Amino acid sequence: MRRSAIDMVRIAVVAAQKDGALKTECLPGIIIEKPKKEEFGDFSTNIAMLLAPVEKKAPREIASLIAERIKSLPEVEKCEVAGPGFINIFLKRSYWTEVLEEIIRKGDGFGRSEAGKDKTVQIEFVSANPTGPLHIGHGRGAAVGDSLSRVLKAAGFDVVREYYINDAGRQVRTLGASVRLRMDELQGKAITIPEDFYKGGYVKEIAREYLDKYPDVQGPDIQEYACNAMLSAIRKDLDDFGVAFDEWFSERSLDEKGLVASTIEELKRLGHIYESEGALWFRTTAFGDDKDRVLIKADGERTYFASDIAYHREKIKKGFTTLVNIWGADHHGYEGRIRALLKAFGHDDTVLKIIFIQLVALLRNGVPVAMGKREGEFVTLRQVMDEVGRDACRFFFLMRKADAHLDFDLELAKSQAPENPVYYVQYCHARIHSIIGFAKEKGLTLKDHFDSDLLARLDQKEEIEIIRRLSAFEETIEKSALNMEPHRITFYLMELAGLFHPYYNKTRVVTDDPVLTDARLLFCKAVGTVVANGLNLLGVSAPVKM
RNA sequence: GCGCCUGUAGCUCAGUGGAUAGAGCAUCGGCCUCCGAAGCCGAGGGUCGGAGGUUCGAAUCCUCUCAGGCGCGCCA
């Protein structure tokens, strides 16, 4: 296993402390960065500037003390002091090329780590009400949740993906009533649709389907039927989008097991419940919420929040290290009361991480596409997926930080023009495959591993630069996992492709020199492997031909 | 009024204490007798919304402020 830069600096500082060159015993957190400028080396550290106040010496003086000791490490080519006291470390080329051997050896396992060893994460996402099809906003949540799950798994976390089904309460009753009304209509009755009923075309479709199956209207409960129909449509959408769940948690099951009632009882026992104006309240303000919240309304019906506290209590009981909720940004007002509930039960609410998904603005050639759930004319995930394809759709959703607004241009996502970033990355993979195919046609066979002769031939500046990016893949996954930011993978891939394409244009892979050709072919394969692994984390395919 | 998110190139966005702030698109100019031109090379383009503060050093941290979005139900 290669020594990390951070270890090299630590070794040097500790050595300096041992022989008395440095007086302080303490070791500040070592920060290593990768300079953008080549002249600043492979790594640089600011540790001398951090030590300066405690040592009461000039930063540059301390820097040279440490640099002297870094220089003597075997993998270090040279080490310089620069600027106000930066230590710039230049490593031998062999330090970098080793990673190629690792990529070829590990294949699709390259990039995995154990950063999340023994840690369990439950990630709840989408959780759209089964009262209508998934819209574009749900799609973004699905893409982020699914990709984040993959990233967390790659970083060694145990991940459980859960979908919470709101199959209880007024919404599903309204869905049932809406379908019933449409059935009346289909049977020739005059109807007027109340304001709060669902008006989308899918309601009529369910009604028609029911009547086709049960012309005498003697089939199963209509509400139940409608809810199930919606749910299976949602599952189909997610399936086609490449998103799978481990658990489908039914809100109704909470009531069936009496968990809502028992949770409220528990809160009562803890003294967090009071009655006022005929309703039952949870004193969430005691735990930092803006206002107290109603659990049971004056009319006797419980609120959505009431089942949500039971649901989150069940989550806690399962003992995950971290709970992740992915919510639409319009739900951020809900965060305070959920945190209040965790605290009320005596839990550290930092186990809960909430990721807010900002809205998607759908455009066509730069012009906003009208969306309005009210009119039942919102754009569905299905429509977008059918139009632009699953890969482009997922890639676009992962091109931005989750909490940043996203402009999604349908024409851009579909275009096969260079301004479409999805293809830029996929093309890199296809191109590599094609190069290898070309070599095979010429009767060449790909070597199955690197040896020092091959590695020695990879000495171009561009090759080293690419290799450095390749060696940052594992770290990128780790950071992406720990910060819960899957979009980092997208950016990584665009960067990597952005290094490979120019390299390809400049450098001939299949040459007259057999050893050089072997080296470059295997090098290309390594790049292709990392591109494929990265795309897989996004849930985007890595085509061999486009 | 209170809370959350966002203000970085003409546009869309990266960059959560480091060195001369980056990319893509758009604009302009080049590259296919040679492994995929869905590609490459080059050029121009910036008071990082504004003002203070902390620091050797700030797009990044703190305070205030301006602008946009969202949320503040006995709705879900």
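This structure is a prediction, so every number in the text was calculated from the model and none was measured. So that the names make sense, note that chain A is the first sequence line, chain B the second, and so on, each numbered from 1.
- Separating the CZ atom of A/F305 from the C1' atom of B/C74 is a distance of 13 Å, rounded to the nearest angstrom.
- Contact annotation for A/S127: no contact, since no heavy-atom pair falls under 4.0 Å across all strands.
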When you look at A/E485 and A/K401, which way does the salt bridge (Lys or Arg N to Asp or Glu O under 4.0 Å) test go after all the steps?
CA-CA 7 Å; A/E485 293 177 338; A/K401 259 185 307 199; over 6 Å; no

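- For the C1' atoms, the distance linking B/C62 with B/U16 amounts to 14 Å, nearest Å.
- For B/C41, the OP1/OP2 oxygens have no side-chain nitrogen or oxygen of A/Y503 closer than 4.0 Å.
- B/C2 sits 32 Å from B/U12 when the C1' atoms are compared, rounded to a whole Å.
- Under a 4.0 Å N-O distance rule, the pair A/E80/A/K78 qualifies as a salt bridge.
- More than 90° away from 0 lies the glycosidic angle of B/C41, which makes this nucleotide anti.
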Base contacts versus sugar-phosphate-only contacts with protein, heavy atoms under 4.0 Å: please encode nucleotides 10-18 of chain B as B, S and - from 5' to 3'.
--SSSSB-B

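- Here the separation of B/A23 from B/U8, taken at their C1' atoms, is 12 Å to the nearest Å.
- The CZ atom of A/F282 sits 16 Å away from the C1' atom of B/C74 (whole-angstrom rounding).
- The shortest distance between the side-chain N/O atoms of A/K297 and the OP1/OP2 oxygens of B/G73 is not below 4.0 Å.
- The CD atom of A/E39 sits 11 Å away from the P atom of B/U20 (whole-angstrom rounding).
- Between A/E465 and A/R468 there is no salt bridge, since none of the side-chain N atoms of the basic residue sits less than 4.0 Å from a carboxylate O of the acidic one.
- A/R337 has no side-chain polar atom (N or O) that falls below the 4.0 Å cut-off from OP1 or OP2 of B/C72.
- A gap of 10 Å separates the C1' atoms of B/G22 and B/A9, to the nearest Å.
- Taking atom CG of A/L499 as the reference point, atom C1' of B/G22 lies 13 Å away to the nearest angstrom.
- Of the candidates B/G36, B/C74, B/C5, B/G36 carries the atom nearest the A/A430 side chain, counting heavy atoms from C-beta on.
- In this entry the distance linking CE of A/M546 with P of B/A38 reads 9 Å, nearest Å.
- With 3.5 Å as the limit, one finds a donor-acceptor pair spanning the side chains of A/E251 and A/S307.
- The NZ-C1' distance, from A/K545 to B/A38, rounds to 15 Å in whole Å.
- Comparing A/Y304 and A/H433 against RNA chain B, the residue whose closest nucleotide sits nearer the 5' end is A/H433.
- Looking at heavy-atom distances under 4.0 Å, A/T511 makes no contact with the nucleic acid at all.
- Heavy atoms of other residues, nucleotides or ligands lying less than 6.0 angstrom from CG of A/D512 number 12 at most.
- Legend: side chain to side chain donor-acceptor pair (under 3.5 Å) pairs involving residues 52-65 of chain A, not counting sequence neighbours, sorted by first then second residue: A/T24-A/E55.
- Using modelled atom types, one finds a donor on one side chain and an acceptor on the other under 3.5 Å when comparing A/H501 with A/R431.
- B/C61 and B/A67 have their P atoms separated by 22 Å, with the value rounded to a whole Å.
- Residue-level contact check: A/E495 touches neither bases nor backbone, having no heavy atom under 4.0 Å from any strand.
- Comparing B/C40, B/G39, B/A19 by their closest approach to the side chain of A/Y427 singles out B/G39.
- Across the protein-nucleic acid pair, A/E301 atom CD and B/G73 atom P stand 19 Å apart, rounded to whole Å.
- A/H501 comes within 4.0 angstrom of sugar-phosphate atoms only, judged by non-hydrogen atoms across all strands, and of no base.
- On the P atoms, B/G73 is 31 Å away from B/A14, given to the nearest whole Å.
- The listed nucleotides are B/A19, B/A38, B/C70; the one nearest the side chain of A/Y423 is B/A38.
- Donor-acceptor pairing under 3.5 Å is lacking for the side chains of A/D391 and A/Y423.
- Nucleotides of RNA chain B nearest to A/Y504 and A/N88 differ in position, and the one nearer the 5' end is that of A/N88.
- Residue A/R170 is in sugar-phosphate contact alone, with no base atom involved, counting any heavy-atom pair closer than 4.0 Å across all strands shown.
- Donor-acceptor pairing under 3.5 Å, judged by distance alone, is present between the side chain of A/H332 and the base of B/G3.
- If you check every strand for non-hydrogen atoms under 4.0 Å, A/F356 touches nothing.
- Distance noted for atom C1' between B/G29 and B/G44: 11 Å (whole Å).
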side-chain hydrogen bond (donor to acceptor under 3.5 Å, both in side chains) assessment of A/N325 paired with A/K315
CA-CA 11 Å; A/N325 286 359; A/K315 284 192 182 188; 2.7 Å; yes

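- For the residue pair A/T45 / A/E33, no side-chain donor-acceptor distance below 3.5 Å is found, with atom types taken as modelled.
- Residue A/K291 is in sugar-phosphate contact alone, with no base atom involved, counting any heavy-atom pair closer than 4.0 Å across all strands shown.
- Across B/G15 and B/G3, the matching C1' atoms stand 27 Å from one another, rounded to whole Å.
- Here B/C35 is the nucleotide among B/C35, B/A19, B/C41 with the atom lying nearest to any side-chain atom of A/I435.
- No engagement by A/V425 is indicated, since no non-hydrogen atom pair under 4.0 Å with the nucleic acid exists.
- No contact: A/T517 has no heavy atom under 4.0 Å from any strand.
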